[in-house]
Amino acid sequence: MTIVESDGIDLARAERKPRRPFRNISAKIASLPMVLTALVVFVGCTVWTVIYSFTDSKLLPRLSWEGLGQYERLWGTRRWLVSLENLAIYGICSMVLILLIGFTLAALLDRKIRFEGAFRTVFLYPFALSFIVTGLAWQWILNPDFGIQASIRAMGWESFVFDPLNSPDLVIFGILIAGIWQGSGLIMVIMLAGLRGIDEDIWKAARVDGIGTVKTYVKVIIPMMRPVFVTALVLIAAGIIKVYDLVVAQTAGGPGISSQMPALYVMDAMFKNQNLAQGFAASTMMLVSVLIVLIPWAYLEFAGKKRG
Amino acid sequence: MKLTPSLLALTAALGATAATAGELEVTHWWTSGGEAAAVKTLAEAYEAKTGNGWVDGAIAGSGGTARPIIISRILGGDPMGATQMTHGRQAEELIEAGMMLDITDVAEANGWTDVINPPALLEGCTVDGRIYCAPLNIHSAQWLWLSHKAFEDAGVAVPTNWSEFVAAAPALKEAGKQPLALGQQPWQSNLAFGTISLAVAGLDAWKAVNIDKNAEVAAGPDYAAAFEAVANAREMAAGSNVQDWNQATNMVITDAAGGQIMGDWAQGEFAMAGEVAGEDYSCLPGLGVNAVLDTGGDAIYFPVNDDPEVTAMQKELAEVLLSPEVQVAFNLAKGSLPVRGDIDMSTANACMQKGLEILAGGADGILPSGDMSLTADTTGQVEDLMAEFWADSSMSAADAQARFAEIIADAD
């Protein structure tokens, strides 16, 4: 009896199971290259990089172990510490400011103003430019001899000084201006789409209850736009990681080392200084720092879903 | 119908290449005006002498851009026929991995050891007694370029050495001139530091640090004086916010700056602007203190190839590069010094003659270049330190020196 029963269950399972791997077979075959790419390129190469960061590879990768030597040198290097500090300043400031500016612009456009289309286009245009072009354009705008400083002095204010790119303390904010100028247009459009998705009745209800416009935005509309904010955050975060080319075009890490970024350190260590292992160690630390931010966030996000 | 002529031309071109013995691809990063003209002399001489074709593989951008491309092609199993590299330690690992052709037989047949001056150039190509590259020219970094007009405007005589230049700086500043022009790129800060330290700390201390990697000397009093001098020069360079070296050279050419510390390649810029050495500008090798030049420069390497025909062509090219005619034509076009001491360079200008004199003077005036004695890794660390030191006026000379000594202690 038991045998029959278990056979029966097995049969029932077998009837359901074999179909699974072959269901949508063409779709699965089609996605195979991407799965392989993800496994080999992303996971495989990441593991390879981490392993070789414990060696003393110079121009060519070789497996001669050096333990944590590369990491000790990395954390004793001033340029690396300056890079991390810059990335933190740039990251936090651009995250907060782009969200704030993007949302404010979207909210203003959403007040049914005239020429909305024209404004939207103007604000979105910078996003069509690459970071290299953005960097060069702002390098000229901030250049004391041709840009803002020169034009204000030409208007009569002779002692006006605005030269962030040549001042070690301010240079990171010069880059930040360019980053915000480039990034906030896209966030504005996304926010605007989110605002348009809010039911008109919500506004009517708020008006009936006598709640002010600003308070409605803060207490009602923004909490309703949570998915839009998550999308915006992911896009801004990607922009922060991509800041490499902006810095290369605008300051090349200068003056001195005061606008260095971790990605520049990795590139220079690997290709200019012919010290692969040092570059690997630095990129491993970049991965670790991304994980430190990502894991608690993912934990909160998914734990929240389960409870909900 | 319009297609026919171009098709014909194409077949003709194909036929032409098939008719020659073979083709050799040569990669390099000589892309500025004078440099391209110099490469052309090489290509013409090679084609005329051997009947082989020269395929030009110019890579735009400086060595920093081109080198990774060249190295990854060699590593990736797609070697070019020959390639420019800076001789010294940059190709060391490739040679050790057996990826570069041994051309000792060519060198011996042509007596390179006897004609190449200074001999250190050939040593830069030698690993374990075998020769792996053909030195092509000499570039030295230790030059101070001065604008006569700038000093005239400031009412002081044109300096003849570094201390006179430092003394003239306040007068230049008062006249609204930038005393010292300096580009913001790290390698330029490092070049200026290397040149000043050679002049101030002296030859023996420089050799102890750069060749023997003696960290005690790097932390010692001679180098302390050098770091003080750099801190002083930092004040003179404050406000010089250009990036590229030729923009800084242009400040000297237009008399907006008193002087610039830059290698002899700056000469090409003065020549292109129509300035005359000795009248519009002057040059002080070794900052006018120690008439000493380092002997960096370019060399041609030959990646190992499976095809014996290509190997034969590579060896023919090596022979051509060192022939007297090619050395004269190439170096006059490029403004660099020849690697042979036995050829006639009388058509060179006043500044080049100064350099030739020092070379002819023998071993006392000649140093190996930084590329030969320090690894790219160590050079990169020093560049980072110098970039910070020149840009940050709050960093004291003693701090910079302490960190420099640490880097030298870790250098291999």
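It should be emphasised that the depicted structure is a prediction, and the values quoted were computed from it without experimental measurement. A, B, ... follow the sequence lines: proteins, then strands. Residue 1 opens every chain.
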Checklist outcome for this item: Heavy atoms of A/Asn273 and B/Gly380 approach each other most closely as OD1-CA, 3.4 Å
Next on the checklist: Would you say that more than 12 heavy atoms from the other residues, nucleotides or ligands in this model lie under 6.0 Å from the CG of A/Asp145, or not?
Outcome noted: yes
Next on the checklist: Could you check whether atom CD of B/Glu216 has more than 12 heavy atoms from other residues, nucleotides or ligands sitting under 6.0 Å from it?
Outcome noted: no
Checklist entry - If you measure from the Lys or Arg side-chain nitrogens to the Asp or Glu carboxylate oxygens, is any gap between A/Arg73 and B/Asp377 under 4.0 Å? => result yes
Checklist outcome for this item: The interface call for A/Asp268 against chain B, heavy-atom contacts under 4.5 Å, is neither
Checklist entry - Roughly how far, to the nearest 0.5 Å, is the OH atom of A/Tyr265 from the CG atom of B/Asp384? => result 7.5 Å
Checklist entry - Nearest heavy-atom pair of B/Ala376 and A/Lys272: which atoms, and what distance? => result CB-O, 3.8 Å
Next on the checklist: Working to the nearest 0.5 angstrom, can you tell me the gap between B/Gln381 CD and A/Asn275 CG?
Outcome noted: 8.0 Å
Checklist outcome for this item: A/Pro168 and B/Ala391 have their tightest heavy-atom pair at CG-O, 3.9 Å
Item to check | From CA spacing to verdict: side-chain contact (heavy atoms from CB on, under 4.5 Å), B/Glu93, A/Gln274 | outcome: CA-CA 10 Å; B/Glu93 277 193 59; A/Gln274 301 182 350; 5.9 Å; no
Checklist entry - Side chain, backbone, both or neither: which part of B/Leu75 has a non-hydrogen atom closer than 4.5 Å to chain A? => result side chain
Checklist entry - In this structure, are over 12 heavy atoms from other groups packed under 6.0 Å from B/Asp78 atom CG? => result yes
Next on the checklist: Please classify the contact of B/Gln185 with chain A as side chain, backbone, both or neither, using a heavy-atom distance under 4.5 Å.
Outcome noted: neither
Item to check | Over 12 non-hydrogen atoms of neighbours within 6.0 angstrom of CH2 in A/Trp65 | outcome: yes
Item to check | Side chain, backbone, both or neither of B/Pro68 within contact of chain A (heavy atoms, under 4.5 Å) | outcome: side chain
Item to check | Over 12 non-hydrogen atoms of neighbours within 6.0 angstrom of CZ in A/Phe127 | outcome: no
Item to check | Toward chain B, the part of A/Asp163 with a non-hydrogen atom under 4.5 Å | outcome: side chain
Checklist entry - Side chain, backbone, both or neither: which part of A/Thr77 has a non-hydrogen atom closer than 4.5 Å to chain B? => result neither
Next on the checklist: So that I can tick it off, tell me whether B/Glu92 and A/Lys58 are bridged by a salt bridge, with the cut-off set at under 4.0 angstrom between side-chain N and carboxylate O.
Outcome noted: no
